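Residue numbers begin at 1 in each chain, while the letters A, B, ... track the order of the sequences. Every value quoted in this text rests on a predicted model; they were computed, and no experiment measured them.
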Amino acid sequence: MSNKITSRSENFSKWYNDIIINADLAENSGVRGCMVIKPYGFAIWEEMKSLLDQMFKETGHVNAYFPIFIPKSFFSKEASHVDGFAKECAVVTHYRLKNDIDGNIIVDEEAKLEEELIVRPTSETIIWDTYKKWIKSYRDLPLLINQWANVVRWEMRTRLFLRTSEFLWQEGHTAHENKDQAIEETRKILAIYKDFIENNLAIPVVDGLKSSREKFAGAIDTYCVEALMQDGKALQAGTSHFLGQNFAKAFDVKFANRDGKLDYVWASSWGVSTRLIGALVMTHSDDRGLVLPPKLAPFQVVLVPIYHNEREYQELVSAMKKIAIQLRGLNIRVKTDFRDTHKPGWKFAEYEMKGVPIRIAMGPRDLANKTFELVRRDNLEKRTIEIDVIQDVIPNILAEMQSNLFSKANDFKKKNTFKVDDFDDFKAKIDNGGFVLAHWDGTPETEDEIKKITKATIRCIPIDSNHEKGECILTKKPSLKRVFFAKSY
RNA sequence: CGGGGUAUAGCGUAGUCCGGUUAUCGCGCGUCGUUUGGGACGACGAGGUCGCAGGUUCGAAUCCUGCUACCCCGACCA
């Protein structure tokens, strides 16, 4: 077995990096803080994209594309938005290079831009500048647009997939005629995210509102889904913002309403990013490598022949090609690995590292018995199965793995979610990792103080939780409900 | 931006304190042969401006100075 991977117990973040590198998902690039997403990692993103894209389209959204550059003046229009992002913006100041006397390439100082361009950290401003032209009447609403894009946030410290200076995401930007519709949209998307993440990534999440300290700069309310990683730290998996009329006012987007009066448009915006790949790794993977839920695995089944001579090889290849065709007919993503340059054992280790859900191996003995050997990645269980029943067995096992991974993660989440009423206990539980459900007096000052003492923040304020009266864990002031605290990524 | 560390072949490294022939080892890579039911083995081979620029010295990967890049720890963050 492989010793390329640091164990989780030894060093969790090293383990995480080892998985990313050895499973061939991504690597650091020549640009500080930016990663190269490798074909296998990108294939996972493509699976996510196509599933989510379908969900957006089924709910009436359409895709469009807006520029990567944002004039500085647009950016400055919404004050709190500027505050939120100013410290991490890349700025384009020139548009030309030239050779100096020594033949070095330098910036041509004469080619200075009249107005600097910001590389988008998010697109609200450029989009609302555009929506101003598109929206005149309630008949133009709702406007439900999504874009798949890259954004840049100049991060101090980066980690593959979890925080890089450039990352890929989708950002939805919608416009509505009234507040209720905008809030409904914001919550509808949150529900889509929860559904998508739980049912496809097999990651259980808690959903709710962000505290004012944690919410998106420029939003009235930020809704979120938060997941718990194997090391007990929380990871924000997606956010959906109710923007009120903040951006409509900043960009003067008014429409004639049904009463014939001019009013500002109501808005939402929402996004999930390639960070979800990091969530996937830290939720399901083990010390042997990546573990992928079948619904997102670029290959759900891999076929490996075991042979001793050319004749056996040919027989196995032709038998396995038939199996591949059969499985593809069931919409199963299949990879056949007939390479003669690597031994079976090598391939087994390789696909384990890459988290392929099911491995099918066939040798001469199987050929004689009309069987194959099946190993599933989640529990490494090995079975011999008759080829005749392959059409039933494979889909069943894939479905079982999908739900098995979810329930394993869900058990972990439950075991690591604690109701706490005493501050010493709070500190201890936070220190150990996990979600801590505790009362909070609702003030940013208290949240700050708790963060200072414990490094934990409020990850999520449940929306429909039973209103259980209590006392703030820190200040003992009255509180109406418990909120989720955790240390986070 | 503060505090610490590292830089030697594609990757991981020994050598640096205490300067001295041709810079060590493993993985990977190439050729050939034997192999193939859990990362095979043997033989041969290719691959290096020792991060960059100066300096000290008969002689520098090794000592000195400056620079650069990256990593870790903090503050900030999807």
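When distances are taken from the side chain of A:Ala349 to each of B:rA75, B:rG39, B:rG37, the shortest belongs to B:rG39. Checked against B:rG38, B:rC76, B:rG37, the side chain of A:Lys382 finds its nearest nucleotide in B:rG38. Taking every side-chain heavy atom of A:Trp346 into account, B:rG39 is the closest of B:rG37, B:rG38, B:rG39. The side chain of A:Met156 sits closest to B:rC76 out of B:rG74, B:rC76, B:rG37. For A:Met353, whose side chain is taken as the heavy atoms from C-beta onward, the closest listed nucleotide among B:rG39, B:rG38, B:rG37 is B:rG39. If you check B:rG39, B:rC76, B:rC70 against the side chain of A:Glu350, the one that comes closest is B:rG39.
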**Request:** Can you run through RNA chain B from 5' to 3' and write each base as (, ), [, ], | or . depending on how it pairs? Watson-Crick or G-U wobble, both distances under 3.5 Å.
**Result:** (((((((..(((.......[....))).((((((.....)))))).....(((((..]....))))))))))))....
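Listed by chain and residue number, nothing satisfies the ring-ring contact (aromatic ring centres under 6.0 Å, His included) test with A:Phe338 (two or more places apart in sequence, or in another chain). Every residue two or more places apart in sequence or in another chain was checked for a ring-ring contact (aromatic ring centres under 6.0 Å, His included) with A:Trp154, and none qualifies.
With respect to the salt-bridge test (charged N to carboxylate O, under 4.0 angstrom), the residues A:Asp286 and A:Arg8 do not qualify. Between A:Asp388 and A:Lys370 there is no salt bridge, since no side-chain N of the basic residue sits under 4.0 Å from a carboxylate O of the acidic one.
Along RNA chain B, the nucleotide nearest A:Gly33 and the nucleotide nearest A:Ser165 are compared for position; the residue whose nucleotide lies closer to the 5' end is A:Gly33. Between A:Phe167 and A:Arg159, the residue whose closest nucleotide on RNA chain B is further toward the 5' end is A:Arg159.
Rounded to whole Å, the separation between the C1' atoms of B:rG12 and B:rG55 comes to 33 Å. Taking atom C1' on both nucleotides, B:rA14 is separated from B:rC72 by 23 Å, rounded to a whole Å. To the nearest whole angstrom, the two P atoms, one in B:rC67 and one in B:rU21, are 32 Å apart. Distance noted for atom P between B:rC25 and B:rG47: 16 Å (whole Å). For B:rC50 and B:rA60, the P atoms lie 12 Å apart once the distance is rounded to whole Å. Nucleotides B:rU57 and B:rU13 place their P atoms 35 Å apart, quoted to the nearest Å. The P atoms of B:rC41 and B:rG26 are separated by 13 Å, rounded to the nearest whole Å. Nucleotides B:rU56 and B:rG66 have their C1' atoms positioned 15 Å apart, rounded to a whole Å.
Atom P of nucleotide B:rG38 and atom CG of A:Asp337 are separated by 16 Å, given to the nearest angstrom. With rounding to whole Å, A:Asn22 atom CG is found 15 Å from B:rC11 atom P. Atom-to-atom, CG of A:Leu374 to P of B:rG37 comes out at 19 Å; the value is rounded to the nearest Å. Between the CD1 atom of A:Ile21 and the P atom of B:rG28 there is a distance of 19 Å, rounded to whole Å. What separates CG of A:Asp83 from P of B:rC76 is a distance of 15 Å, to the nearest Å. Put simply, CD1 on A:Ile360 is 19 Å from P on B:rG37, counting in whole angstrom units. Here B:rC11 presents its C1' atom at 18 Å from CD1 of A:Ile20, a figure rounded to the nearest Å. For the pair A:Arg365 CZ and B:rG38 P, the interatomic distance rounds to 9 Å; values are reported in whole Å.
Across all strands, A:Arg32 comes closer than 4.0 Å only to sugar-phosphate atoms, never to a base (heavy-atom distances). Nucleic acid contact class of A:Ser273 (heavy atoms, under 4.0 Å, all strands): base. Counting any heavy atom pair closer than 4.0 Å across all strands shown, A:Arg339 reaches no nucleic acid atom. Residue-level contact check: A:Leu235 touches neither bases nor backbone, having no heavy atom under 4.0 Å from any strand. A:Thr164 comes within 4.0 angstrom of a nucleotide base, judged by non-hydrogen atoms across all strands.
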Could you pull out all donor-acceptor pairs under 3.5 Å where a side-chain atom in residues 117-127 of chain A meets a protein atom, sequence neighbours excluded?
from, atom 1, to, atom 2, distance (Å)
A:Arg120, NE, A:Asn150, O, 2.6
A:Arg120, NH1, A:Tyr65, OH, 3.4
A:Arg120, NH1, A:Phe66, O, 2.9
A:Arg120, NH1, A:Pro67, O, 3.2
A:Arg120, NH2, A:Tyr65, OH, 2.7
A:Arg120, NH2, A:Asn150, O, 3.2
A:Arg120, NH2, A:Asn150, OD1, 2.7
A:Thr122, OG1, A:Glu124, OE1, 2.6
A:Ser123, OG, A:Gln147, NE2, 3.2
A:Ser123, OG, A:Glu171, OE1, 3.4
A:Ser123, OG, A:Glu171, OE2, 2.7
A:Glu124, OE2, A:Ser269, OG, 2.7

For residues 85-93 of chain A, please give each side-chain donor-acceptor pair under 3.5 Å, one per line with the distance, not counting sequence neighbours.
none

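A:Tyr351 has its ring centre no less than 6.0 Å from the ring centre of A:Phe299. Note: A:Trp148 and A:Trp45 meet the aromatic proximity criterion, with ring centroids under 6.0 Å apart. Ring centroids of A:Trp128 and A:His81 are separated by 6.0 Å or more, keeping the two rings apart.
Between A:Trp15 and A:Phe12, the angle of the ring planes lies from 30° to 60°, which puts this pair in the tilted group.
Between A:Lys451 and B:rC76 there is a side-chain polar atom (N or O) within less than 4.0 angstrom of OP1 or OP2.
Annotation: cation-pi pair A:Lys210/A:Tyr223 absent, no NZ/CZ under 6.0 Å from the ring centroid and within 45° of its normal.
Looking at A:Thr283, its side chain does come within 3.5 Å of a backbone N or O of A:Ala279 through a donor-acceptor pair.
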What protein N or O atoms touch nucleotides 34-36 of chain B N or O atoms at under 3.5 angstrom, if any, and at what distances?
from, atom 1, to, atom 2, distance (Å)
B:rU36, O2', A:Tyr307, O, 2.9

